[in-house]
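Following: one structure in structure tokens, then a few remarks.
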Amino acid sequence: MKELSGPRVILHVDMNSFYASVEMAFEPELRGKPLAIAGNVEERKGIVVTCSYEARAKGVKTTMPLWQAKRHCPELIVRKPNFDRYRKASKAMFSLLREFTHLVEPVSIDEGYMDLTEFLKEGNPLQIAKTIQDRLMEELLLPASIGVAPNKFLAKMASNMKKPLGITVLRKRELAKTLWPLPVSEMHGVGEKTAEKLKTIGIQTIKDLAGADAIGLKQLLGINGERLKKRANGIDDREVNPDSIYDFKSIGNSTTLSKDTTEARLLYETLNRLSHSVSSRMKRKDVLGTKIFTTIRYSDRSTYTRSKKLNNPIIETEDILTHAKALFDKHWTGEPIRLLGVTCQDLVPKEDAYKQLDLFSFQEDAKKEPLYKTIEDINRKYGGSMVKRGMKVDKSEDDKTSGTSFNKDFLRE
């Protein structure tokens with residue numbers, strides 16, 4: 001990482017209720033009204049993707065079923081997602097940010113980091129943040145909250161403290177007063193399951209995490225435990241990387257079905273084929289995945305991606321399929337499906353992959369060990385990969401599954 005003479009100045013720009021705000025920008029008559037973006041608008045089973053702050057004030061929440069949202073807010077206005085419109089708005093937003101510095105790192109369609117450390121001749125950080133916020137609102141009609149801090153983690157936490165249209169400065173010396181009293185579940189990087197695990201060792205707040213025993217955290221959460229302790233103490237050395245959208249961080253495939261279907265057998269066969277494709281590509285690149293995503297797009301084009309952090313890195317088709325199918329079974333609403341996707345993320349090189357073995361996985365691995373050794377012996381003797389477990393991979397067929405990214409591919413264009 002490049003050495004800088006003084007502390008860094010990082011901004012995290014987080015668009016407020018992005019999808020709903022974009023709709024309001026295109027339809028001014030929606031402004032100031034309770035608006036929800038939801039799939040399957042005509043049916044009660046539709047789910048709220050996001051909603052305006054006016055709707056939130058009435059009790060409407062993201063992921064809430066439409067019937068429940070309308071019970072809270074009978075006057076709720078509902079629109080279907082328009083992803084082409086959101087992508088255009090996102091490109092315009094990032095284009096505006098790059099007028100201030102080339103060090104802009106998109107994180108998702110509606111948020112990104114900026115490093116202003118070397119570009120402060122134009123004014124102080126607060127002035128620049130206010131100018132950015134004002135221009136986003138005036139030129140694109142899109143509200144944003146901005147966090148200003150010496151690193152990415154603190155900037156991310158700061159941007160979430162005042163919504164909508166907030167600007168928050170978070171300095172390391174303010175951690176004890178501003179950050180540490182918060183529940184650990186509100187810390188960026190701590191999901192629901194991780195928060196539950198932390199509670200088992202008495203960690204309720206971010207302050208508890210900051211002062212926790214590093215060895216105990218590593219035993220509980222692996223390398224992520226050490227990382228979270230550093231974050232809780234305001235330590236984050238990651239640089240703002242404009243090229244991160246090109247980073248090789250995930251391998252995934254998706255396919256559009258020949259027709260909308262609710263036939264479970266066909267859907268499971270599709271998941272199996274996608275899992276096999278992902279596994280084959282991971283093997284060619286000698287990487288394992290530590291996080292898995294399953295994407296479901298319904299007949300109304302509403303798209304939902306659900307993920308699971310894995311205790312052990314995976315690469316085999318059967319392991320990918322097991323987790324992908326579990327996510328699918330948990331989140332499929334039973335509505336007709338147009339597209340399915342499977343992605344492995346947070347990839348690690350095979351030589352760096354580690355495994356936290358519990359009693360059950362150890363027993364399973366022990367059973368397979370003789371087979372692994374036999375395969376390795378044959379390959380060592382005859383060279384190359386003469387023998388492989390599982391199905392034969394025809395590389396010409398492997399990538400025929402149509403690919404669709406639900407991450408940041410469109411930002412590369």
Side-chain angles (χ1 to χ4, degrees), residues 1-14 97 101 103-108 111-120 124-130 132-133 144-163 166-199 201-242 244 309 346:
M1 182 179 169
K2 181 167 60 176
E3 292 294 331
L4 297 172
S5 56
R8 295 187 297 165
V9 178
I10 308 297
L11 268 58
H12 181 258
V13 180
D14 190 4
L97 298 187
T101 171
L103 294 176
V104 175
E105 178 183 338
V107 177
S108 67
E111 63 174 312
Y113 293 101
M114 304 173 68
D115 189 335
L116 297 181
T117 308
E118 296 180 351
F119 302 90
L120 292 180
N124 67 48
L126 270 177
Q127 289 174 334
I128 296 176
K130 186 68 170 67
I132 291 171
Q133 187 185 67
S145 291
I146 301 177
V148 184
N151 61 50
K152 291 168 79 172
F153 168 74
L154 293 179
K156 169 71 175 179
M157 292 298 296
S159 69
N160 202 42
M161 290 179 175
K162 292 179 186 176
K163 289 187 175 182
I167 296 178
T168 304
V169 178
L170 184 55
R171 304 174 180 87
K172 285 189 178 181
R173 64 175 180 267
E174 299 168 344
L175 296 185
K177 180 180 72 173
T178 307
L179 192 70
W180 284 358
L182 298 176
V184 73
S185 58
E186 293 186 18
M187 177 174 158
H188 176 57
V190 176
E192 182 179 339
K193 291 186 177 179
T194 299
E196 291 174 359
K197 288 182 179 180
L198 290 170
K199 287 179 182 179
I201 57 173
I203 295 178
Q204 302 282 344
T205 66
I206 297 179
K207 180 180 180 181
D208 295 335
L209 178 59
D213 176 63
I215 296 177
L217 286 173
K218 188 173 182 180
Q219 290 175 340
L220 182 70
L221 302 174
I223 193 171
N224 194 44
E226 296 178 280
R227 185 183 299 114
L228 289 176
K229 178 179 170 67
K230 287 183 178 180
R231 299 283 194 272
N233 282 285
I235 301 170
D236 182 6
D237 297 326
R238 294 172 299 160
E239 62 182 351
V240 173
N241 179 14
S244 67
K309 185 71 177 176
D346 293 350

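Note that the coordinates shown come from a computational prediction; the quantities given were computed from them, not determined experimentally. Position 1 is the first residue of the sequence, and the numbers go up from there.
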Nearest heavy-atom neighbours spanning [X] and [Y]:
X      : Y      : answer
Glu105 : Asn241 : OE1-N, 2.8 Å
Thr117 : Pro7   : CG2-O, 3.9 Å
Pro150 : Leu170 : CD-O, 3.3 Å
Met157 : Ile206 : CE-CD1, 4.3 Å
Ala158 : Gly147 : CB-CA, 3.7 Å
Leu217 : Ala212 : CD1-CB, 3.8 Å

Within the 4.5 Å heavy-atom criterion, are [X] and [Y] side-chain neighbours or not?
X      : Y      : answer
Pro242 : Leu103 : yes
Asn224 : Lys309 : no
Lys197 : Val190 : no
Asn151 : Arg8   : yes

Gap separating the [atom1] atom of [X] from the [atom2] atom of [Y], nearest 0.5 angstrom:
X      : Y      : atom1 : atom2 : result
Ser145 : Gln133 : OG    : CD    : 7.0 Å
Leu126 : Ile146 : CG    : CD1   : 10.0 Å
Gln204 : Leu198 : CD    : CG    : 9.5 Å
Met187 : Arg231 : CE    : CZ    : 7.5 Å
Thr101 : Leu11  : OG1   : CG    : 10.0 Å
Lys152 : Ile10  : NZ    : CD1   : 8.0 Å

Original post:
Would Val148 and Leu116 satisfy side-chain contact (heavy atoms from CB on, under 4.5 Å), going step by step from the backbone distance to the final call?
Top reply: CA-CA 10 Å; Val148 184; Leu116 297 181; over 6 Å; no

**OP:** Go through the steps for Val107 and Tyr113 under the test side-chain contact (heavy atoms from CB on, under 4.5 Å), then give the verdict.
**Re:** CA-CA 7 Å; Val107 177; Tyr113 293 101; 3.4 Å; yes

Within the distance-only criterion (no hydrogens, no angle test), does the side chain of [X] pair as donor or acceptor with the backbone N or O of [Y] below 3.5 angstrom?
X      : Y      : result
Gln127 : Asn124 : yes
Asn160 : Lys156 : no
Lys218 : Ile223 : no

**OP:** Starting from the C-alpha separation in whole Å, work towards a yes-or-no answer on side-chain contact (heavy atoms from CB on, under 4.5 Å) for Ile128 and Met114.
**Re:** CA-CA 11 Å; Ile128 296 176; Met114 304 173 68; 5.8 Å; no

Original post:
Salt-bridged, Lys230 to Asp237, with N to O below 4.0 Å?
Top reply: no

**OP:** Check Arg171, Lys172, Lys177 against Glu174 for a side chain to side chain donor-acceptor pair (under 3.5 Å) and give me the one that passes.
**Re:** Arg171

**OP:** For side-chain contact (heavy atoms from CB on, under 4.5 Å), just list the numbers for Leu228 and Leu209, CA-CA rounded to whole Å, side-chain angles, deciding distance to a tenth of an Å, and then say yes or no.
**Re:** CA-CA 8 Å; Leu228 289 176; Leu209 178 59; 4.1 Å; yes

